[in-house]
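Accompanying notes for the structure given below.
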Amino acid sequence: MTQKELHEILIAYPRVKLEHPFGPEAAVYKVEVGEDKKMFALIAEDSDPVRLTLKCDPNLAETLRENYESVMPGYHMNKRHWNTIVLTGQLDNQQILDLIDHSYQLVA
């Protein structure tokens, strides 16, 4: 899955806005929740392979890290609640889509 494909998937969710609060190297996707905007995904711009950071239930986060070497604690994030996934093909597209949806549902 490419960075562009991920962008199209993430931005298609209801009430999602793209921001760059950490500078141009990090595309941050936030959900409008009432008056607030809450981050549910981050893509490291121009990373190869693509690095996607998603919010995750802590128990699931640990399980994913134990089973997939391409899933690691969220880079510069709360390690208990965030995973960074390096899109090497170890997780298939449906697994990535499911984790994106999981992250969105946790935040929205």
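Between the OH atom in Tyr104 and the NZ atom in Lys38 there is a gap of 12.5 Å [rounded to 0.5 Å]. In this structure, the separation between CG on Leu52 and OG on Ser47 is 9.0 Å, given to the nearest 0.5 Å. With rounding to the nearest 0.5 Å, the separation of SG in Cys56 from CG in Leu99 is 6.0 Å. One finds the CD atom of Gln95 at 12.0 Å from the CD1 atom of Ile100 (value rounded to the nearest 0.5 Å).
The hydrophobic cluster containing Val31 does not contain Leu106, counting ILVMFWY residues as joined when their side-chain heavy atoms lie under 4.5 angstrom apart, directly or transitively. Neither Leu54 nor Tyr75 shares a network with the other; the hydrophobic side chains, linked directly or stepwise wherever heavy atoms of I, L, V, M, F, W or Y lie under 4.5 Å apart, form separate groups for each. Both Met1 and Leu18 belong to a common hydrophobic cluster when Ile, Leu, Val, Met, Phe, Trp and Tyr are linked at side-chain heavy-atom distances under 4.5 angstrom.
Test Ile85, Val86, Asn83 against Met72 for side-chain contact (heavy atoms from CB on, under 4.5 Å) and you get one pass: Val86. Among the candidates Leu6, Ile43, Thr2, Asp48, the single residue satisfying the side-chain contact (heavy atoms from CB on, under 4.5 Å) test with Leu87 is Leu6.
In terms of the salt bridge (Lys or Arg N to Asp or Glu O under 4.0 Å) criterion, residue partners of Glu8 (sequence neighbours excluded) are, by chain and number, Lys4. Applying the side chain to side chain donor-acceptor pair (under 3.5 Å) criterion to Gln105, with sequence neighbours excluded, gives no partner residue. Asp98 meets the side chain to side chain donor-acceptor pair (under 3.5 Å) test with Gln94; sequence neighbours excluded.
Under the salt bridge (Lys or Arg N to Asp or Glu O under 4.0 Å) criterion, the residue pairs touching residues 51-69 are Glu62-Arg65, with sequence neighbours excluded. Residue pairs that meet the salt bridge (Lys or Arg N to Asp or Glu O under 4.0 Å) test with at least one member in residues 70-87, sequence neighbours left out, do not exist here.
Annotation for Met77: hydrophobic cluster partners, listed by chain and number, are Phe22, Val28, Met39, Leu42, Trp82 (ILVMFWY side-chain heavy atoms under 4.5 Å, direct or chained).
Using the six-membered ring where Trp is involved, Phe40 and Tyr13 have ring planes that are perpendicular, over 60° apart on the 30 and 60° scheme.
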